[in-house]
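Computed from a predicted structure; not experimentally measured.
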Amino acid sequence: MTTVNRDEERRLEGLSPFELKNRLIELAGENEKANALAMVNAGRGNPNWTATAPREAFFLLGQFALTETRRDWDEFESFGGMPQSEGIAQRLDDYLKANATAPGASALASYVAHGTDVLGFDADAWVGELADAIIGDHYPVPDRMLAHAEQVVHAYLDAEMGGAPKGGWDLYAVEGGTAAMCYLFDSAQVNGLLHRGDRIALMVPIFTPYLEIPKLDRYAFDIVPLEASTTGETGIHTWQYPDSEIDKLKDPSVKALFLVNPSNPPSVKLAEATLERIRDIVANHNPGLTIITDDVYGTFTEGFTSLMSSQAANTIGVYSFSKYFGCTGWRLGVIAIARDNVFDQRIAALEETRTATLRERYASITLEPEKLKFIDRIVADSRDVALNHTAGLSTPQQVQMVLFSLHCLTDAEGAYKRDCRAVIARRLKQLVEGLDVPYPDDPEAANYYVELDLLSWAQRNWGPEFADWMQTNYEPVDPIFRLAQEESVVLLNGGGFDGPEWSVRVSLANLRMDAYKRIGAALRRIGDEYHEAFQASRR
């Protein structure tokens, strides 16, 4: 079986964790073949659950919409027309009654009723949009997001992100959080909100693209890390930020703040005191600060408040449906910007030379480029402006996004959130039992991932002398290579996320429950073996 020496470990440490993972999978696969030990890959965040009811509703709605195309034009066997809105709400109601026992029928009926009864939609306009969109027979109009779809997702974000700001958000439906990140970095630079070489702050540890994109030559940002270095009384990381780190934002030379909240990999939401401190800094020290918050894990916590709610004017929110609903393959996300925001004000105040350049850039899509809102500039920039007329997320994708949102909006008891959190809690319990450590009861934690600092664990269990010896004799990535080679277990190195070098990230979302006890026990065995080697060296 292939082994990895210390020199190769040092070389591979420079890779992104997601690239290093490929080498670990290779090693784990070799061990799997040699020892018939099934590979356990806890390195990816793709959940192994799917939200079934909104998918059932999606496919049933699709079947109804097909009957509507044939109703419009039924001249040829495989040829239909387009769904027509007049009277369509009643036809859907009749269809659902005739198919009352079909999977998704009751869910779809409740979703549609929520739109009319709670959100106040005109029934035919609402059902007409859904039917036409799921067929996908038109370009998205409006290109930023379908009208009813935006209102539904807005209501969902209002419920899950801590409340909408006064005036609400404008939303742009995008191809997942990945596309949102790409669009935002580009459009912020194009529109003079950020410039090459600007100083930006990153709340670390953080999802690796937020570390890697700012270093690209086109941005070359000067990065100020804000480190989640707070520990509890027992020395265990709380993954919160001391005031001294947050206060770095007081420097007006820091033009932007990027964060994932709850964090990735620690998966812990910002404490309310930290949110309040950031609000105070923006109000009194750095009013021009641009904040980009990625809140994909917010729905896994109770009482979550996003900066897109609490500091809305300065914040661009990114939300992806991928993790909560088990839909990474759908590529569903939104960019949210408060309608009352500093970005439009800053663009309006740009010097005339820059304004003239932007006026020319957007002149082909509006007669008044100066009045084009930042979020609409993002839409145009996402298609290099010239293809703005075909911009927007595909309409069937928007329908599935809407149905996911309505699934939670109609869940008065919060059963879906409760069940998601229960699954993760069971898996965490298995992990810590295998590791033989106390269960971490942290109300701020989403626990979608856990970041385990093995060096801190070593210090607490065997003392600082052993921890120093371990650092001297092994590379920080040695445990994850040993796990792959000896146990066919794949984890990601936390150091690659700008976390503690000796930490590892375990996804609690993508494996069966019994796998986590195996992961914990494997980590415990490696720790015990390190300690035995340490004791032998002292004899």
Whether the side chain of [X] engages the backbone of [Y] through a donor-acceptor N/O pair (distance < 3.5 Å, no angle test) should be reported.
| X | Y | result |
| --- | --- | --- |
| T290 | A256 | no |
| S309 | G162 | yes |
| S320 | S322 | yes |
| S263 | V268 | yes |
| S306 | M308 | yes |
| T238 | G232 | no |
| T274 | L270 | no |
| D442 | E444 | yes |
| S405 | V153 | no |
| D158 | H154 | no |

- NZ of K429: more than 12 outside heavy atoms within 6.0 angstrom? no
Any chance you could lay out the side-chain contact (heavy atoms from CB on, under 4.5 Å) test for H531 and F466, step after step, and finish with the verdict?
-> CA-CA 7 Å; H531 189 242; F466 164 67; 3.9 Å; yes
[X] bridged to [Y] by N-O distance under 4.0 Å:
| X | Y | result |
| --- | --- | --- |
| D247 | R277 | yes |
| E487 | R525 | yes |
| K248 | E227 | no |
| R518 | D514 | no |

*asked:* Working note: R279 + E272, criterion salt bridge (charged side-chain N to carboxylate O under 4.0 Å, His left out); need CA distance, chi angles, decisive distance, verdict.
replied: CA-CA 11 Å; R279 287 195 292 266; E272 178 58 38; 2.9 Å; yes
Between [X] and [Y]: side-chain donor-acceptor atoms closer than 3.5 Å:
| X | Y | result |
| --- | --- | --- |
| S267 | N447 | no |
| D186 | Y219 | yes |
| Y530 | N473 | no |
| N261 | T293 | no |

Between [X] and [Y], what is the shortest heavy-atom contact and its length?
| X | Y | result |
| --- | --- | --- |
| G104 | L60 | C-CD2, 3.8 Å |
| A133 | V399 | CB-CG2, 3.4 Å |
| I134 | G62 | CD1-N, 3.5 Å |
| C408 | E160 | CB-OE2, 4.4 Å |
| T305 | S310 | CG2-CB, 4.0 Å |
| Q397 | R331 | NE2-O, 3.3 Å |

Exercise. Show the numbers, then the answer: is there a ring pair (Phe, Tyr, Trp, His ring centres under 6.0 Å) between F258 and F185?
Key: CA-CA 11 Å; F258 295 84; F185 273 97; 5.1 Å; yes
Between [atom1] on residue [X] and [atom2] on residue [Y], distance to nearest 0.5 Å:
| X | Y | atom1 | atom2 | value |
| --- | --- | --- | --- | --- |
| I519 | N41 | CD1 | CG | 9.0 Å |
| I337 | I316 | CD1 | CD1 | 4.5 Å |
| M470 | D468 | CE | CG | 9.5 Å |
| E486 | F481 | CD | CZ | 12.5 Å |
| L492 | F497 | CG | CZ | 5.0 Å |

Partner of Y474 under ring pair (Phe, Tyr, Trp, His ring centres under 6.0 Å), picked from F534, W502, W469, is W469
Result for ring pair (Phe, Tyr, Trp, His ring centres under 6.0 Å) between Y416 and one of W49, F300, F325 points to F325
Can you list the steps and then say if L157 with D295 is a side-chain contact (heavy atoms from CB on, under 4.5 Å)? CA-CA 10 Å; L157 294 177; D295 297 337; over 6 Å; no
TODO: Dump the intermediate steps for side-chain contact (heavy atoms from CB on, under 4.5 Å) on F59 and L108, then the final yes or no.
DONE: CA-CA 10 Å; F59 291 113; L108 181 55; over 6 Å; no
Show me, pair by pair, the donor-acceptor contacts under 3.5 angstrom made by side chains of residues 448-455, not counting sequence neighbours?
from	atom 1	to	atom 2	distance (Å)
Y448	OH	G45	O	2.4
Y449	OH	Y297	OH	2.8
E451	OE2	S503	OG	2.7
D453	OD1	L455	N	3.1
D453	OD1	S456	N	3.2
D453	OD2	H237	NE2	2.7

Of L211, T208, L202, the one forming a side chain to side chain contact (heavy atoms under 4.5 Å, CB included) with D498 is L211
From the list L435, V437, V489, side chain to side chain contact (heavy atoms under 4.5 Å, CB included) with L523 holds only for L435
Given the options R427, K517, R426, R524, E433 meets salt bridge (Lys or Arg N to Asp or Glu O under 4.0 Å) only with K517
Quiz prompt | Derivation and outcome, side chain to side chain donor-acceptor pair (under 3.5 Å), residues Y183 and Y172 | solution = CA-CA 11 Å; Y183 298 161; Y172 173 26; 4.7 Å; no
- Query: Can you check salt bridge (charged side-chain N to carboxylate O under 4.0 Å, His left out) on E465 and R538, steps first, answer last?
  - Reply: CA-CA 11 Å; E465 186 180 358; R538 293 296 185 265; 3.3 Å; yes
**OP:** Any chance you could lay out the ring pair (Phe, Tyr, Trp, His ring centres under 6.0 Å) test for Y324 and F404, step after step, and finish with the verdict?
**Re:** CA-CA 9 Å; Y324 198 40; F404 283 142; 9.6 Å; no
Walk me through whether M401 and M145 qualify under side-chain contact (heavy atoms from CB on, under 4.5 Å).
CA-CA 11 Å; M401 188 189 302; M145 197 167 186; 3.8 Å; yes
Contacts of F58 meeting ring pair (Phe, Tyr, Trp, His ring centres under 6.0 Å) (sequence neighbours excluded), chain-then-number -> W330
